[in-house]
Amino acid sequence: MKNSTPVSEIMTKKLVTLSPKDDLVTAERLFKKHHIRHIPVVEKGYIKGMLSYTDLLRISFADAIDEHEEYVDTIVYNMFSIPQVMVNDVVSVTSDTSIKDVAKLLAKREFHALPVVDNEKLVGIVTTTDLIKYMLKMF
């Protein structure tokens, strides 16, 4: 395993994103449709925040709804906006950050996904799952 392998080798490049103007019902549907746990909130290519499925669970009973169910209890979701629920103080890395450095950062902090930003624009996302898959591939 190389110490200098860049995160661009394992990051997700085909991104699912939200706008700050989207609603939480849209977010819920995207989480379930794409089977993901983190969605970058982007405006004109710039990262504004990160929304996690856990963020939604904090304000609702979203996990009580069948994952194939289209109905979402919109009463709770209509009480909040994405900017109110998302993490605003986003830590990011660049695509040339080493996988080792990303692993150290994720191990030290209390989050499980990092946006990958080059020249201030979102180019990918890397998650703890990406790191685990990489480790398994190496062994």
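As a basis for the values below, the full set of heavy atoms in this structure was taken, side chains included, without hydrogen atoms, waters or symmetry mates.
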Spatial distance of atom CG (D96) from atom OG1 (T5) [nearest 0.5 Å]:
12.5 Å
Rounded to the nearest 0.5 Å, what separation is found between the CZ atom of R37 and the CD1 atom of I39?
11.0 Å
How many angstroms lie between CE in M135 and CD1 in I99, if you round to the nearest 0.5 Å?
10.0 Å
In this structure, OG1 of T128 is separated from CG of D130 (nearest 0.5 Å) by 8.0 Å
When rounded to the nearest 0.5 angstrom, what distance separates OG in S8 from NZ in K13?
6.0 Å
For atom CG of N119, is the number of surrounding heavy atoms from other residues, nucleotides or ligands below 6.0 Å larger than 12?
no
Pair R109, V91 - check side chain to side chain contact (heavy atoms under 4.5 Å, CB included), show working.
CA-CA 10 Å; R109 303 298 291 266; V91 175; 3.9 Å; yes
Group every Ile, Leu, Val, Met, Phe, Trp and Tyr by side-chain heavy-atom contacts under 4.5 Å, then state whether Y77 and V85 land in the same group.
yes
Measuring only between side-chain heavy atoms, which start at C-beta, is D101 closer than 4.5 Å to V93?
no
Walk me through it: do L18 and M86 pass the test side chain to side chain contact (heavy atoms under 4.5 Å, CB included)?
CA-CA 11 Å; L18 288 163; M86 72 183 188; over 6 Å; no
Taking a hydrophobic cluster as the set of Ile, Leu, Val, Met, Phe, Trp and Tyr residues connected by side-chain heavy atoms closer than 4.5 Å, whether directly or through intermediates, do L57 and I82 fall within one such cluster?
yes
Do the side chains of I59 and L24 get nearer than 4.5 Å, heavy atoms only?
yes
Is V102 linked to I10 within one hydrophobic cluster, defined over Ile, Leu, Val, Met, Phe, Trp and Tyr using a side-chain heavy-atom separation of less than 4.5 Å?
yes
Please report the closest heavy-atom contact between M11 and G124, naming both atoms and the distance.
SD-CA, 4.1 Å
Provide the closest heavy-atom pair for G49 versus V90 in the form atom of the first, atom of the second, distance.
CA-CG2, 3.4 Å
Indicate yes or no: does R58 engage D55 in a salt bridge with an N to O separation below 4.0 Å.
yes
Of the non-hydrogen atoms in L51 and A27, which two are nearest, and what is the gap between them?
CD2-CB, 3.6 Å
S52 vs H38 side-chain heavy atoms within contact, under 4.5 Å
yes
How far apart are the C-alpha atoms of V16 and F31, what are their side-chain angles, what is the distance that settles it, and do they pass the side chain to side chain contact (heavy atoms under 4.5 Å, CB included) test?
CA-CA 9 Å; V16 174; F31 281 121; over 6 Å; no
Is V25 linked to V41 within one hydrophobic cluster, defined over Ile, Leu, Val, Met, Phe, Trp and Tyr using a side-chain heavy-atom separation of less than 4.5 Å?
yes
Which heavy atom of P40 sits nearest to which heavy atom of M50, and what is that distance?
CA-SD, 3.6 Å
For the side chain of K121 and the backbone of K44, is there at least one donor-acceptor N/O pair under 3.5 Å apart?
yes
Side chains of I47 and S92 in contact at under 4.5 Å (non-hydrogen atoms)
no
Side chain to side chain contact (heavy atoms under 4.5 Å, CB included) for E28 and Y53? Distances and angles first, verdict last.
CA-CA 8 Å; E28 169 76 16; Y53 193 61; 3.6 Å; yes
Below 4.5 Å, heavy atoms only, C-beta onward: do F111 and L106 meet side chain to side chain?
yes
When clusters are formed by joining ILVMFWY residues with side-chain heavy atoms under 4.5 Å apart, either directly or through shared neighbours, do L131 and V7 land in the same one?
yes
Of the non-hydrogen atoms in P6 and S95, which two are nearest, and what is the gap between them?
CB-O, 3.5 Å
